[in-house]
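Here is the structure we will look at, set down as C-alpha cells.
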Amino acid sequence: MKKSILKFPKGFLWGAAVSAHQVEGANLNDWSEWEKKNAKRLAREAKTKWAPWQQERFPEMFDPKNYISGKACDHYNRYEEDFGIAQSLGFNAFRISIEWSRIEPEEGKFDEREVRHYRKVIKAIRVRGMEPFVTLWHWTLPVWLANQGGITCRKFPYFFSRYSSEIVKKFKLVSYWITFNEPTSVIGASYLSGQWPPQKKSIFSGLRAYKILSKAHREAYDEIHKISSSAKVGFSNILRYQEPDNKNSLVDQLATKILNYFTNEKFFRLTKNKNDFISIQFYFHDKVKISWRFFKKRTFIKIPQKDNENITDLGWEIYPKGIYYLLLRQKKYNLPVYILENGLADAEDKKRKRFIKEHLRWVHKAIQEGVDVRGYFHWSLLDNFEWDKGFWPRFGLVEVDYKTLKRKIRPSAQEYAKICKGNELEL
Ligand code: BGC
C-alpha cells in the first residue's frame with residue numbers, strides 16, 4: 001500500500017504534559033491527606049469497581065500502597081533527566097503544573113525557595129528548546145485552603161488571583177498560562193459523584209463550584225494580563241464526545257444536550273472573552289442514557305465498552321474520530337486551539353502507537369478543514385499517579401519502575417518522536 005505523509009503547519013508545537021502532584025512526589029496537600037485516609041477503602045473497593053480481566057492484570061489495585069502518591073516519580077528531583085528525555089524525543093513544547101501547596105504552604109506566606117525551584121524547572125524546559133505551558137492549578141490545594149472550602153469557598157477567586165500574580169510576576173520566561181486544569185472534571189468528581197476529595201454529593205455545591213471557579217478564572221485572566229500584556233491565558237477543558245445511546249429516543253437526545261452543556265460548554269461560556277486560546281483534552285466517547293445509574297451515581301453517561309481490542313487498560317473506549325468532531329465545533333470561537341492532553345493507559349504499550357497516529361490523523365483533517373490547531377501534548381511523558389486509581393494505570397510514553405525510579409522509553413514514544421521531529425505523520 002502506498003504510504004501517505006501528512007504535513008503539519010510550520011511551527012506546530014509537539015510535546016507531552018505532566019502535573020505536579022502526579023509526578024513530583026513528597027507533596028503535602030488536600031490530596032496527600034485524603035490518600036492516607038482512603039487508601040484501604042480504595043484497595044477494598046477494587047474488587048467491585050474493576051472487571052475480572054483488569055483485576056487479574058493489575059493486582060496492585062488491591063494494595064493500599066497503590067493509592068498513596070508518596071514519592072511518585074520523584075520528578076521534583078529528576079526533572080532535568082525527564083526534560084532531557086523530552087528533548088531527545090524531539091519535543092518543542094512541554095506542559096507542567098505548579099504545586100500551589102509548595103508555593104503557599106501557609107495562607108499568605110509564599111515560599112521563595114519553591115519559587116526558585118520552579119524557576120529552575122521552567123528554565124530547564126526553555127534551555128532544551130521547548131516552549132513551557134504552565135498550569136497554575138491541576139486539582140491539588142494547600143490544606144489551609146481546602147479547610148476553608150476549597151473551590152467552593154467565597155474567597156477562592158481572591159486567593160487564586162493572589163497566588164497567580166505572585167507566580168506570573170516572577171516567571172517572565174512563560175508566555176502560556178493555564179489557570180485551571182479541567183474544571184468540569186473536578187466539579188463532577190469532587191462535588192457531584194463524590195469520588196474525589198472533599199467527596200461531596202451535592203448539585204448545589206457543584207453549581208457553586210462552577211460559579212466560583214469561573215469567577216476566579218476571569219479575575220486571574222485580568223490580573224495576569226496586567227502583569228504581562230503579551231501573556232496567553234486560557235483554561236484546559238476536557239471535551240467529551242457525546243451521542244444519545246438510542247438515536248431515536250427523545251429522552252436520550254435531551255440528556256445528551258444537557259450533558260453536553262454542562263461538560264463541554266458551560267465553563268467556556270462563563271469565561272467568555274477571557275480566553276486567549278481554546279484547549280482540548282480528549283479521552284472520552286459517551287453514549288448518553290438516563291438510567292437508574294443516574295439516580296444512584298448522579299451520572300447519565302454510559303461509556304461504550306466494546307471488545308478488549310478497542311479499549312484502554314482502564315476500559316475507556318478508543319475513539320479517535322471524536323477529537324475531529326470536537327475540533328470542528330471550536331471553529332466558531334475563532335481562537336487558536338491547543339490539544340493539551342490526549343492519551344491512554346496501556347501498560348504493555350500495544351495500542352499507544354496506533355492511538356497516537358489515529359488521533360493525529362483526525363487532528364490533521366480538522367486543520368485541513370480550517371480549525372486553527374497549533375499544538376498537541378500527549379498525556380503523559382511519564383507513568384504517574386492516576387488520582388483515586390493510584391499507580392496501576394500506565395499513561396507514560398516513558399515507563400517508570402516505581403521501585404528503582406528508572407525511566408525506560410517505550411517503543412511508541414520513538415514513533416511519536418518521529419512525528420515530532422519531522423512535523424509530519426506517515427501513515
Ligand atoms: C487529567 C490528568 C489525568 C488524565 C487521565 C486528565 O483528565 O488532567 O490529571 O491523569 O486525565 O485520567
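Atoms within a ligand are numbered from 1 in the order they appear, just like the ligands themselves. Any value given below was found using the heavy atoms of this structure, including those in side chains, with hydrogens, waters and symmetry copies removed.
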Answer with side chain, backbone, both or neither: which part of Asn181 has a heavy atom less than 4.0 angstrom from an atom of ligand 1?
-> side chain
Consider every N or O of Ser19 and every N or O of ligand 1, then say whether any pair is closer than 3.5 Å.
-> no
Could you tell me whether Lys266 sits above the aromatic face of Tyr210, with NZ or CZ closer than 6.0 angstrom to the six-membered ring centre and within 45 degrees of the axis?
-> yes
Contact (N/O only, under 3.5 Å) between Trp387 and ligand 1 | yes
Within a distance under 4.0 Å of any heavy atom of Gln22, pick out the atoms of ligand 1 and give their elements.
-> 2 (C), 3 (C), 9 (O), 10 (O)
Compute whether any side-chain donor of one residue and acceptor of the other, for Tyr158 and Glu219, lie under 3.5 angstrom apart.
-> no
Does His217 have its ring centroid less than 6.0 Å away from the ring centroid of Phe268?
-> no
Report yes or no: is the cationic atom of Arg102 (NZ for Lys, CZ for Arg) under 6.0 Å from the centre of the six-membered ring of Tyr76, at an angle within 45° of the ring normal?
-> yes
Quick one: nearest non-hydrogen protein atom to atom 4 (C) of ligand 1, plus distance?
-> Tyr283 OH, 3.4 Å
Can you spot which of Phe235, Phe160, Trp139 makes a ring-ring contact (aromatic ring centres under 6.0 Å, His included) with Phe180?
-> Phe160
Which residue and non-hydrogen atom of the protein lie closest to atom 1 (C) of ligand 1, and at what distance in Å?
-> Glu341 OE1, 3.3 Å
Verify whether the ring centers belonging to Phe94 and Phe83 lie closer than 6.0 Å.
-> yes
Does ligand 1 have an atom that lies less than 4.0 angstrom from a heavy atom of Trp316?
-> yes
Atom 7 (O) of ligand 1: nearest protein contact (heavy atom, Å) = Glu182 OE1, 2.6 Å
Considering only heavy atoms of His138, which atoms of ligand 1 have at least one such atom less than 4.0 Å away?
-> 1 (C), 2 (C), 8 (O), 9 (O)
Taking N or O atoms only and a 3.5 Å limit, does Trp379 qualify as a polar contact for ligand 1?
-> yes
Can we say Lys406 and Asp401 salt-bridge, meaning some charged N sits less than 4.0 Å from an Asp/Glu carboxylate O?
-> no
Top protein contact for atom 5 (C) of ligand 1, by heavy-atom distance | Glu386 OE2, 3.3 Å
Measure from NZ or CZ of Arg95 to the centre of the six-membered ring of Phe377 and say whether it is under 6.0 Å with the direction within 45° of the ring axis.
-> no
